[in-house]
Structure formats: structure tokens, C-alpha cells
There are 2 protein chains.
Amino acid sequence: MRVKRPTIHDVARASGVSRGTVSRALNGDPYVSAAALAAVRRAVAETGYVVNRAARSLVTQRTGSVVMVLSEPQEKLFEDPNFSVLLRTATRRLAERDVSLVMMTAGDRGDRERVMRYIRGGHADGILLISAHSGDPLVEELQGAGLPAVACGSILGRENLIPYAAADDREGARQMARYLVEQGRKRITTITGPMDTPGGLYRLEGFCDVLGRRATKKVIEHGDYTRQGGERAMHALLDRVPDLDAVFVGSDLMAAGALAVLRERGRSVPVDVAVGGFDDSPVASSTHPQLTTVRQPLERVAEETIRLLLELIDGAGPVEPVTFPTSLVIRESA
Amino acid sequence: MRVKRPTIHDVARASGVSRGTVSRALNGDPYVSAAALAAVRRAVAETGYVVNRAARSLVTQRTGSVVMVLSEPQEKLFEDPNFSVLLRTATRRLAERDVSLVMMTAGDRGDRERVMRYIRGGHADGILLISAHSGDPLVEELQGAGLPAVACGSILGRENLIPYAAADDREGARQMARYLVEQGRKRITTITGPMDTPGGLYRLEGFCDVLGRRATKKVIEHGDYTRQGGERAMHALLDRVPDLDAVFVGSDLMAAGALAVLRERGRSVPVDVAVGGFDDSPVASSTHPQLTTVRQPLERVAEETIRLLLELIDGAGPVEPVTFPTSLVIRESA
DNA sequence: AACCGATCTGTGAACGTGCACAGTAGCGGA
DNA sequence: TCCGCTACTGTGCACGTTCACAGATCGGTT
């Protein structure tokens, strides 16, 4: 027993003008008299009219929706502070333009096929790619669909295929490494993210840029962005380099784990060991001691990601990837 | 320069039957000959045809999409393990039926208006309500729209308005409280969630059911489901009841914070103080000592939420709320 | 007086589907 | 032979919108 919705005809009748004029008034066509515009506005308010997207879609060949493709196993995704910010920004900015956000997962093969069917079916105007891995077959497939696509954070090895907005991971890592050196730390180690993610690779590269020959394999340990991963890696580093006096950790969450292990094993932070994080996520200011870290302008990255996508959809031709500078946030741990 | 997509006409031509037969074949109408069905299948594969949802929508008055309304400030949402599971389950199960999931936030007034416009515009077949508060005006407004709606977790004070699937918070809390009593604990305290959430209220009620007169105001402290909130509350409890020997914490994340504070203030867990959590979220097995907690069958809750919604959409008439039993998971902290 | 451009308005067609309806063919029974 | 029934197929219309086009009105210019 669904109520019948008012159509553009009802609005036309109520406002005493024709369908065409109502449509023009609603879509901001300049050739509408002030009187007609007012009448239409009143009639819309009166009838509670809302445009029928399906009908519009049918003729404009646009859907008014964008699909966010999550290609990471989701447990990890939700540990990622990036994602939370992005989701909020995306829903806001897209909603402002009356574009709706459709979520799809692309974990296994079946998922991917569904995504491709959806895309090929023309059900979306654009694609928002989240944390795709370098080897992800989805990237190529999406490329083939010819739909506007952007990524939030670069996709390792596909930087030229899909435009993106990202923080400058490499320079951010350099900032932290330089700071640790300036503080007189001599045995600086690092815990990285997974090496098939830009955050893993580029932050390590930045670290090596500054440490040079001191960045031996011995002082590098790989983590997986989780708190437990940070704990594991910290244990391994302490076993291998018992006299380390600094550790640059590739994410705040892992750094929180590292802090716990350091305390557990009797190191005092920052006196014995300096700890640097990355992200400036909420967890950074809730640890003891509070984390010195590298701030990523996540809001701006997210904003820019959406802006790029909308620009592509509007047909502005090819767009350039954008990276944003990071900044050092000095608290207590280093 | 978008490519022209094949329509049902193209498929009809390629398979040598009429539009109508193709439509029937695609929608599983039984009155289609085996030969026609095969021909249509082949033609679909050949042409790469995918149904145009807008056109279908226009005639069926169905949109094939469901909107997930996030009414909580999102920072909190992402601390909630519930949400992650729900999102994964929702995308999977809905995708199986070719229903797409649209995300909308409903934080402020503007957001809410947008949501209502979207709903009223008939852009969705159903609503999935996430962590709405008891005072949320959205609930009433949604109700007025007459669209199928379900909530994941009950909405305090509106249990009869909107059907839901949830874990049995009250009985879960009883299980934990009974266990602590059985272990011979004498000064049992509790840290609750916010009292305007079912998890906050019902878990406290369950606690009081078992503790009876011993559940005085003095042993109850309210938290906000965050780790820091748990720390704050634990400090407050220790100040007020220095000789407490057990604390039942309304979420694992808060319990993790409580554990840290207990260690910091020289209490040994579980010898001096037993700690019980709630959720059995991933964090529960990564604390030291590992958390004894109450397991919620989140997967089943999520599955059931989606099932209820689909049932409502299919017009199965009114549906009953469902609650699932919880179970005690005994680890090290109690 | 005739014409022109600018501004505004109304109308028919098209978008791609599902559904109701009107067929057609084949077959068994009266 | 005719009828009715079942199994299947084809066709016109409607869904609600936008867009192109064809007017209409009006002030100003030739």
C-alpha cells in the first residue's frame, strides 16, 4: 500500500505552467521567468515533489551515483583511520551534489564479478577505489570499463593508470627520520607497513633516504598495520638490536603496540627509546606517553579524492594525481 | 565518448525472439520454452547485456537498493566491532539479490533532511538503521515515510516501532555477573556504556538482576565505549572503591583501557581484580592478560537484520524482532 | 511597416523496461 | 470437426523525465 508520489505533471498543473518549464526551473535553466520560477517553487513545496531519479537517469544516461569499491579484507580496513575520514567526507560531499554512494566489496572472485557487472551495467557514474593492492586484478578490469575512477591513496605500480590523492608518505618519513637523527639517536630502527602498500613502501624509502647506509636490513622489521603486528615486530627488533634507541613505526596503531612492548621489556620512552608514529590518528594522543607522529592531512586527501572524481565525471579530461605535504607533530614519545 | 550499451531489443534480435520473451527469460517466468531460454542466454553472453535498472525501476516502482543510515557520529561508529561485521554481511547478502547498498549519514539536521528527501523521493526500497539513539528525531520521520525499515540492535524506547535483530544484552550481562559471583568475588563493580544505548542500559540491568542490592550507585560508573572512556571510568572506580575485586566492563575496548589503568595502579589481574568484558571483539584476545568476555553472535545478528529487511521489502507483513543468546568466553582476566 | 534577436513557453518524442493482453500452436476429448 | 486447455510468444502501452524544436511575445532597429 505505497502512496502515489507526485510527478512533474502534478507540479506543472499546480503551478500553472508546462512540464518543460518545471523541468527547466528545477534544473537551473536561465530561460525561466521570475514569476514561473516562484510558482514552480511554491508548487514543489506544496506537493512535496521529489524528482524521480530512475526516469531522469533513463534519459540523461547518468545515474547520480558513485560506487565505492572496498578491495581489502574488511577487518583491516576498519583499523584504518583513513577510511573513516574518507567515508564521512565522501558521503557529505557527494550528498551535496545529490550523488549517492553505493558500497561494494571486492574481496573474492565472485565479489569482483559482481562489481564488474554492476559497473558494466552502467549503474554508476564513477568509481572510488579503496586500498587496492598492487596485484589486484580488479584495477585492470575497472580500467577496461572506461568509467571515471580515482583512488584514495596511490595504487602501487599503477600510479599512472588511476589518478589519486594521497599524502606525501616519503617526505613524511624523511621528516621523522631527520628529527630522530637531530635528537642525537644513534641506533634508529623502523617497523614498516606491508610492502605492497604505498604506506609500507614509501615510508621505508623516506626512512632510508635519511639514514643512508645505517638503514641495514637488521634494523627493519615489517608489520601489518595492526596493533598486534606492532607488538610482534617490536619484540623481534628488541631481540635483534637490544641497544636500539629509536624506532620509527609506520602507523600509530602499530606504534601503540610497540610502546606496550617497550614498557613490558623495561625500556623507558622517550629516555631509553624514542618512538615515532605515522598518521596522527586519534590513538596517538591516548597512548602513554603520547605519540610523536607524522600528521597526514586526511581531510584534505579525502576532499581532493572526491573532487578529482567529480571532475572526471563532469568530463574535465584527464586529471593529475595530487599529493599533500605532511607535518611533524611532536608530543612526548620522541 | 561513452559506449552504447546493448538493450533488451538487441538481445531479442540476437536470439531471434521477442522483447517480451527475453524479459520473461531474464526474470525467471516459467512460461518460456527451453529453446528460447537457451537462445536468450547465449545472446546475453554474446552481447554482454546487463539490464538497465533505471528503466526497470521506472516500471516496477522498485529501486533495487537499500539505504544504510548512519546516525552516530562516525568516529564512534568505527570503534564498534558490530559495524564492521554488519557492513560486510550487508554488502554480501544484498549483493546476492542484486540489491545495492547506499550509505548516508544523518549526523546533523541538514543530513537528516537529505535522508528524508531521498527516502520520500522513493530512491530506496528499504532502510537499515544503524545505532540510532533513543532521542533521535529521525526514527519518527522515517516511520512516517512508510518504507520498510529495520535496525541492527534495538532502538531504546522504540522497540515496537522498528523491528530489529540484536544480541540478548541483559542475559549476557547476567552470565558474566553470575560467573564473577561464582568465582567468589565480593566487591563487584561495573563500567557501563552510554545509558541511551541498549548496550548501556540492558547490560547494566542484567548486572543488577544478579547483584541485587549489592549493585549500589557507588559501584557503577558510566563510560562511552571508547578506550579512553574505559580508562577514565576505571580511575574513578578505583578512587571510590579502592578494594574492589572485580569489574564488569560493558565493552572490550573499554575493558582494554581498564586493564591498562589497573596495571598502572598496581593491581594484578586476575589475582587482585577480575575483569570481564563484552563483545568478544578482536581486541579481547590481544590484551594482557587476555579478556574473559561475553560473546555476541554478531554474524548471526547481522544476517538476521538483513533477512528481516528483505522479508519486509518482499511484503511479508509485520515481522517480529529477534534476539540471539550470548555465551561466556573464559580467558585469563577473570 | 517589416524584420530581428532575445527571452520565454509548450509539446512531442525518446530513454529501456515490465506487464497486461491478445494472440498462436498443439493436443486430447467429445 | 469442433472445442477447450495448456504452453508459449509477440505487441502496445505506461512509467516520469529531459531534450530538441517550434512557437509566442516584445522591444528595438532598419
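Below, read A as the first sequence line, B as the second, and so on, with proteins coming before strands; counting in each chain starts at 1. The analysis underlying the following values was restricted to heavy atoms, covering all of them including side chains, and did not include hydrogens, waters or symmetry mates.
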Checking Arg88(A), Arg93(A), Arg92(A) against Glu303(A) for salt bridge (Lys or Arg N to Asp or Glu O under 4.0 Å), the one that qualifies is Arg93(A)
* Base dG18(C) to side chain Arg62(B), donor-acceptor N/O within 3.5 Å cut-off -> no
I'd like to know if Arg24(B) reaches the base of dG18(C) with its side chain such that a donor and an acceptor end up less than 3.5 angstrom apart.
no
Check this one for me: any side-chain N or O of [X] less than 4.0 Å away from OP1 or OP2 of [N]?
X: Ser23(A); N: dT18(D); answer: yes
X: Thr7(B); N: dG16(C); answer: no
X: Ser57(A); N: dT17(D); answer: no
X: Thr21(A); N: dG10(C); answer: yes
X: Asn52(B); N: dC15(C); answer: no
X: Tyr49(B); N: dT17(C); answer: yes

Separation of atom [atom1] in [X] from atom [atom2] in [N], rounded to whole Å:
X: Gln61(B); N: dT17(C); atom1: CD; atom2: P; answer: 17 Å
X: Asn27(B); N: dG16(C); atom1: CG; atom2: C1'; answer: 13 Å
X: Leu58(B); N: dC19(C); atom1: CG; atom2: P; answer: 13 Å

inquiry  = Under 4.0 Å, counting only non-hydrogen atoms across every strand here, what does Arg53(B) touch: a base, just sugar-phosphate, or nothing?
reply    = nothing
field: Sugar-phosphate only, base, or nothing, as touched by Ala36(A) at under 4.0 Å among non-hydrogen atoms
entry: sugar-phosphate
In this structure, CG of Leu142(A) is separated from CZ of Arg112(A) (nearest 0.5 Å) by 10.5 Å
Side-chain atoms of Ser18(B) come closest, of dT18(D), dG10(D), dT9(C), to dG10(D)
Which of dG16(C), dT9(D), dT18(D) is nearest the side chain of Val32(B)? It is dT9(D)
Taking CD in Glu320(A) as the centre, count heavy atoms belonging to other residues, nucleotides or ligands within less than 6.0 Å. Is the count above 12? no
5'-most contact on DNA chain D (nearest-nucleotide basis), Val59(B) vs Ala35(B), goes to Ala35(B)
Exactly one of Leu70(B), Thr305(B), Leu87(B) clears side-chain contact (heavy atoms from CB on, under 4.5 Å) with Ile130(B), and that residue is Leu70(B)
Would you say the side chains of Asp168(B) and Thr323(B) form a donor-acceptor pair under 3.5 Å? no
